[in-house]
Amino acid sequence: MSKKWDINLVRNIGISAHIDSGKTTLSERILFYGGKIHAIHEVKGKDGVGATMDFMDLEREKGITIQSACTQVTWKDFTINLIDTPGHVDFTVEVERSLRVLDGAILVLCGVAGVQSQSITVDRQMKRYGVPRLAFVNKLDRQGANPFRVQEALVEKLKLNAVMYQVPIGLEENHKGIIDLVQMKAFLNEGSQGETITEIPIPEELKNQVNDYRQRLIEKLADVDEGIGEKFLMEEEISVDEIKAATRKAVISLKLVPVFCGSAFKNKGVQHVLDGVTNYLPTPAEKKEFALDLENNEAKIDLIPDEKKPLVALAFKLQDTPFGQLTFLRIYQGLLTKGDFIINTTTKKSVKVPRVVRMHAEDMKDLDHASAGDIVALFGIDCASGDTFVHDGTDVAMQSMHVPDPVISLAISPKDKSSQNNFSKALQKFRKEDPTFRVYRDEESAETIIQGMGELHLEIYVERMKREFGCEVNVGQPQVAYRETITREAEYDYQHKKQTGGSGQYAKVVGKVVPMEPREDGVTFTFENKVVGGRIPREFIPAVEEGFKEQCAKGPLIGFPIVNIQVELNDGAYHDVDSSYMAFKICAMAAMREVYQQAKPAVLEPIMKLETTVPDEYQGSATGQINQRRGVIINTSAIEGSAVIEAHVPLSEMFGYSTDLRSATKGKGEFSMEFSHYSQAPRNIQEDLAKKYQAKRAAENK
C-alpha cells in the first residue's frame, strides 16, 4: 500500500539554468539519491546510455535537454515531483510550460561562468510566474570556480537577494564538501557515488570565513523578518529552527534566495540541496494559484488544493508515445479518478479518463486516482497544451501561458512523394506539442513553411521527422521574420465608387495614420473612431477597422505584416442604397494602400541578444566577427581566462555563425542567443529586400 497523500510533504519543483550548467547531471543525482535509479549515467556518458531524463536519442547525441521530462522521487518523508527543463532558448516554451505548473525551482549556475545570458532569461520567466527558488552553484571542481563571485553576480545582474547558506570546503580539485551556515556544521561526501555524508569539525583555516558569512546570513534574514530582526538587535541567540522558519517564509514570499554549493558531477552537495528543497520551497498549498471564472467576466477565483473541492487541472504538456498522446496534468484542486468524466473548458467537450499514470522519464505506473497538488499524465485524451479540465458544473480556465512569436521560417518539402502522409502527420504532431512551432502554407509559392524560435529549434524538428517518421525533407533557405512599419504621420481621404447594373458600391473614409511606440502587451495595431454626427453609420465602423487591419497583414513594401500603426477615422460619407459593409471594407483597404507610401514606410528586422564566450586570446577575432555581422557590442567582461562578449546582432546576419566561431577559435568558442527586439533595418538592406520582393511579384504575375 502506498503511503497516504499528505500535501505538506509534497514539493513540485523544476531545475532550470543556462545550457551546460549541469541541470541534467544534477537531476540524475537527485534520481539516484531519491532511489529512482540504481546507477548514475552521464549526459555525454562513455557507457553510451546517456542521462535518464534525456531519453530522446537526439538529446543523448547532442548532450542537451530538449523536452522537459517529469518524474517523482522520495527524499526522507517527502515526495518530490521533479521537472527537468531545457536551458536552450530555442526551447523556451518548454521552460515556460514547466514554470507555469511549478511551485518552486532550483536555479543552477556554473561555478566558473556564473550568471549567463540564459540564466537571465530563466530568471525573468521565474519572476513572471512568481516562482520561489534556491540557487545551486555547480561545477566547483572546475578550474577557476568561485561561488562567492557567482553570489555577487546574482545580486548585481539578477537583482536577487541571494545569500550564501553554505561555504565550500576546498575548490577546484580540492573540493570535498560544504559547511552548512544554518547548523554551523561541516559535511564531506564520501563513497564512490558520494552517498555517504560524514560530519567533521569545521576546518580551522575556514573558521573566520564561516563566521563572517554566518553573520551576513543573519543580517540578511533580519532585514526581511521582524522576529529575527528584534533578536539580532538585542543580540540574543537565534536557534536553527528559527532561522529555517524565517528562511522558508522569506523564500516563499520571493524576498530571499539561499545559495547552495557543490559539484553534481563529483557527487558533492546534492543531498543538501534536496534538504533545502524540503526545508525552504513551498508545498502546493503555499503557492497561491487562481483560475478565471468564465461565467463571471473572467473574475479571479482562488484555488485551494483540497480533494473535496471541484476539480481544476491544467494540461501543461503533450507528448506523443507509441501508445498514443500522453497529456501531463497538474491538479490544482479536487480529485481526479480513473473512469471520471471531465470537461475541457476550451472546447467544452466531455471526455472519460481512461488511464491515469505516474511518469518516470519514459516509464510509467498506473494509478486509480490523483489528488490536488499532484502532477500526473493521462492517456487517450485529445487536447491542446494549456487546456483546463474540470468536472461538470465548474466553468473556469487557468491563465494561459505566454507564447512568444516565431522569428525564423524555413520552406520544407518531403524528398519523396510517398512520404507525404508521414510529413503531414509529423507537422501535426509537432504543432500540438509545441505552441512556438508554427506551420502554414504559402499560397503564392505553394510551399509549406515552418516557423520557430531559432535555427536549432527548426533543425531539431527536421531531424525528428527523419528519425521518428522516416521522412527525409528538402530544406529551403531560412527566412527571417521581418516587419514593416510607418515612420511619419499621413492623412488619407479616399472614396470608393463602383456602378454596375442594379445597386452599386459607395463609401468614403477620411482620417490619418500615426506611428505608434512598440507596446509591452504586444499590441501592434490600434483603431480610433472619431466620427461624429452619423457621417458614417455605426454598423459600418467595424468594416473600416477590418479593412485597415486586413491590409496590415501583408505590407506592400516587402510582403511582411505592418506593425506599430495607429489608424484614426475622422470623417466619411455614405449612400443610402449603395453603401454596405463590404463597400466600406474595400474602401478602407484601398485607403491604406494609398496612404502607406506617404507615411514613409520602413522595414524592421529582428535583433538578437548574443552572448559569445571565447578564450582570451581569441577575443579580437570574435569581436571582429560580430562587427562584420552588423553587431553592436553592449558589454565585454572577463571570467577566468575567458572573454564574454554581449552584443545585439540582426538575425539575418547570424546564419552560419556557429561554424565561423568554431573555426576562428579552434572549436573553443560558445554562444547563445535569444530574440531581443525589432529595429529599423539600414536603408541599403531595405532597398535590397524591396527589390527582391518586387521581382518575385513580377515573376508570379507573368
Side-chain angles (χ1 to χ4, degrees), residues 13-18 20-34 40 42-43 51 73 75-76 80 82 84 87 104-116 119 133-154 162-200 202-203 206 209-210 213 217 247 257-281:
I13 65 155
I15 298 184
S16 38
H18 185 88
D20 257 357
S21 306
K23 300 186 299 304
T24 304
T25 308
L26 176 64
S27 310
E28 195 72 6
R29 303 305 183 264
I30 289 177
L31 296 186
F32 177 74
Y33 300 128
I40 290 177
E42 297 317 327
V43 176
V73 297
W75 178 248
K76 299 182 178 169
I80 299 175
L82 176 74
D84 177 27
I106 304 173
L107 179 63
V108 184
L109 301 137
C110 168
V112 184
V115 175
Q116 294 162 279
S119 327
R133 73 208 79 160
L134 313 174
F136 176 60
V137 183
N138 192 17
K139 302 196 174 186
L140 293 190
D141 56 312
R142 276 182 54 186
Q143 199 143 7
N146 179 346
F148 306 108
R149 191 183 57 224
V150 179
Q151 179 261 329
E152 283 161 16
L154 283 169
V163 181
M164 297 301 285
Y165 266 58
Q166 296 177 343
V167 167
I169 302 173
L171 286 171
E172 301 177 358
E173 67 272 17
N174 300 322
H175 178 54
K176 294 183 179 65
I178 58 103
I179 296 162
D180 181 332
L181 297 176
V182 177
Q183 302 176 55
M184 288 302 271
K185 290 177 177 175
F187 300 101
L188 298 183
N189 281 86
E190 294 178 326
S192 61
Q193 309 275 356
E195 65 279 5
T196 316
I197 297 179
T198 316
E199 189 186 328
I200 57 162
I202 294 177
L206 291 175
Q209 186 189 32
V210 167
Y213 275 98
L217 188 156
T247 302
V257 176
V259 180
F260 291 76
C261 310
S263 160
F265 185 63
K266 292 282 165 69
N267 312 312
K268 305 267 186 286
V270 179
Q271 293 98 324
H272 303 292
V273 175
L274 284 169
D275 286 338
V277 165
T278 56
N279 286 334
Y280 307 132
L281 289 180

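The first residue in the sequence is number 1, and the count goes up from there.
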Next item on the list: Output the distance between atom NZ (K268) and atom CD1 (I178), rounded to the nearest 0.5 Å.
Entry: 12.0 Å
Notebook entry, point to check: Distance-only, no hydrogens or angles: does the R29 side chain make a donor-acceptor pair with backbone N or O of F265 under 3.5 Å?
Noted result: yes
Margin query: So that I can tick it off, tell me whether D180 and K185 are bridged by a salt bridge, with the cut-off set at under 4.0 angstrom between side-chain N and carboxylate O.
Written below: no
Margin query: Looking at every non-hydrogen atom in both residues, tell me the closest pair between G111 and K139 and how far apart they are.
Written below: N-CB, 4.2 Å
Check: Can you tell me how far CG of L82 sits from CD1 of I106, rounded to the nearest 0.5 angstrom?
Finding: 7.0 Å
Checklist line | Qualifying residues under side chain to side chain contact (heavy atoms under 4.5 Å, CB included), relative to I202, sequence neighbours excluded | finding: I179, A186, K207, V210
Item checked: Nearest heavy atoms of Q166 and L181, plus distance in Å -> N-CD1, 3.9 Å
Next item on the list: Dump the intermediate steps for side chain to side chain contact (heavy atoms under 4.5 Å, CB included) on L134 and V257, then the final yes or no.
Entry: CA-CA 5 Å; L134 313 174; V257 176; 5.7 Å; no
Note to self: Under a 3.5 Å distance rule, please check whether H175 uses its side chain to pair with a backbone N or O of G170 as donor and acceptor.
What the structure shows: yes
Check: Do you know which two heavy atoms are closest between F136 and G262, and how far apart they sit?
Finding: CE1-N, 3.6 Å
Note to self: Between Y213 and Y165 (judged by ring centroids, cut-off 6.0 Å), do the two rings come close enough to count as a pair?
What the structure shows: no
Margin query: According to ring-ring contact (aromatic ring centres under 6.0 Å, His included), who are the partners of F260, at least two apart in sequence or on a separate chain?
Written below: none
Item checked: Minimal non-hydrogen separation, Q143 against V112, with atom names -> O-CG2, 3.5 Å
Note to self: Measuring from atom CD1 of I200 to atom NZ of K176, what distance do you get when rounded to the nearest 0.5 angstrom?
What the structure shows: 9.0 Å
Margin query: Set out, in order, the CA-CA distance, both residues' side-chain angles and the distance that settles side chain to side chain contact (heavy atoms under 4.5 Å, CB included) for D275 and W75, then state yes or no.
Written below: CA-CA 8 Å; D275 286 338; W75 178 248; 2.9 Å; yes
Check: How long is the span from the NE2 atom in H272 to the SG atom in C261, to the nearest 0.5 Å?
Finding: 10.5 Å
Margin query: Between Q151 and A162 (side chain of the first, backbone of the second, donor and acceptor by atom type, cut-off under 3.5 Å), is there such a pair?
Written below: yes
Next item on the list: For L217 and M164, run side chain to side chain contact (heavy atoms under 4.5 Å, CB included): C-alpha distance rounded to whole Å, both residues' side-chain angles, the deciding distance at 0.1 Å, then the answer.
Entry: CA-CA 7 Å; L217 188 156; M164 297 301 285; over 6 Å; no
Item checked: Member of V137, V270, D141, L26 meeting the side chain to side chain contact (heavy atoms under 4.5 Å, CB included) criterion with S263 -> D141
Notebook entry, point to check: Hey, does the side chain of R142 reach the backbone of C110 with a donor-acceptor pair shorter than 3.5 angstrom?
Noted result: no
Check: Does E152 have any side chain to side chain contact (heavy atoms under 4.5 Å, CB included) partners at least two apart in sequence or in another chain, and if so, which?
Finding: E156
Item checked: Closest contact, heavy atoms only, T247 versus P258 -> CG2-CG, 4.1 Å
Check: Which atoms form the tightest heavy-atom contact between L109 and G114, and what is the distance?
Finding: CD2-O, 3.8 Å
Next item on the list: For V277 and I80, run side chain to side chain contact (heavy atoms under 4.5 Å, CB included): C-alpha distance rounded to whole Å, both residues' side-chain angles, the deciding distance at 0.1 Å, then the answer.
Entry: CA-CA 9 Å; V277 165; I80 299 175; 4.2 Å; yes
Note to self: Test your reading of the model: is there a side-chain donor-acceptor pair from N138 to the backbone of V108, 3.5 Å cut-off?
What the structure shows: no
Note to self: To the nearest 0.5 Å, what is the distance between CD1 on I13 and CG on L274?
What the structure shows: 7.0 Å
Next item on the list: Find the distance between CG (L188) and OG1 (T198) and round it off to the nearest 0.5 Å.
Entry: 6.0 Å
